[in-house]
S.K.: 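Once you've had a glance at the structure underneath, I'll fire off some questions.
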Amino acid sequence: MKILRSPAAMTAWSEGLRREGVSVGFVPTMGALHEGHRALIREARLRCDALVVSIFVNPTQFGPQEDLARYPRPISHDRAICRQEGVDVCFEPTAEAMYPTGFQTTVTVPAIARRWEGESRPHHFAGVATVVTKLFGMVRPHRALFGQKDFQQSVLVQRLVNDLNLGVDIVVRPTVREQDGLAMSSRNVYLSPDERRRAVTLYKSLQAGAAAIRTGETDAKTVRSAMVRVIQGEPAMTIDYLAVCDPITLEPLPTVARKAVLLGAVRLGTVRLIDNMLAAAKQVRRHP
Ligand code: PAF
């Protein structure tokens, strides 16, 4: 496996392969790789001839009070996972290479970034949209894989690629969960053993909402109340948001007629957890 740090070297490598008709797959990450990343890398390995994983803790997507300084950076462990999974290039650009002196262009996706994560983290999605655009420019992939765990991010990336004609096929893969249902996340290491035990409540709340929809509830307020009740049963947890939304626009739905995404963010001590679940309304049989 090659480790490349220079954007120019990264582009030269990819362009060389593209000219030969080799398909280039890409999994962008901030490192601290876990089983969720491993599943994305494996899927990319199956779908593409050559595979790049980037490891870059992007400073512009962290707010001033957020965890940029303490974000885990276990680089040897991350490279070992990439080697095990047959990654061809681990792209590890420096912050100076990504944001050199004079850098000033940013990319925004205003409507999708406004709500939910965007409310708690006002600059987060501009940071994500900008770095993803830059990484696509450097890696020149045919296809890039993202996890459903960051649902709003995956919708934003799809919008970005369509709006700016970036020509990258976006694949979103299901969230990988711990045995009890907690969504895997690099930030789970911040949970104390007691918090870790309690953290599954967010998943249970989403399950309660999805079950209500599955069994015929169409009123989004009632679905949301079912989710809220579960979180209220865990006194250590506070709700940042719980929402029943359209999976494409991420706008809140008044009624669930077809598909919905249940979005949730909670705080547990100093840790903020996010998760989501897709749900489909019960189909009513129409007799001729
Ligand atoms: O999901 C992530 O790890 C990051 O937001 C991404 C897409 C690598 C951009 O920094």
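Indexing begins at 1, ligand by ligand and atom by atom, following the structure's order. Heavy-atom basis, side chains included; hydrogens, waters and symmetry copies ignored.
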S.K.: Select one of side chain, backbone, both or neither to describe which atoms of Thr29 lie under 4.0 Å from any atom of ligand 1, heavy atoms only.
M.R.: backbone
S.K.: Considering only heavy atoms of Gln61, which atoms of ligand 1 have at least one such atom less than 4.0 Å away?
M.R.: 4 (C), 5 (O), 9 (C), 10 (O)
S.K.: Tell me the protein heavy atom at minimum distance from atom 7 (C) of ligand 1, and give that distance in Å.
M.R.: Gln153 NE2, 3.6 Å
S.K.: Has Asp219 got a side-chain atom pairing as donor or acceptor with Thr222's backbone, closer than 3.5 angstrom?
M.R.: yes
S.K.: Parallel, tilted or perpendicular, judged at 30° and 60°: which one describes the rings of Trp116 and Tyr241?
M.R.: tilted
S.K.: When you compare the side chain of Pro93 with that of Met10, does any pair of heavy atoms fall below 4.5 Å?
M.R.: no
S.K.: Suppose I only count heavy atoms of Val131 and a 4.0 Å limit; which atoms of ligand 1 are within that range?
M.R.: 9 (C), 10 (O)
S.K.: Check for me whether Arg70 meets the cation-pi criterion with Tyr190, that is, NZ or CZ under 6.0 Å from the six-membered ring centre and within 45 degrees of the ring axis.
M.R.: yes
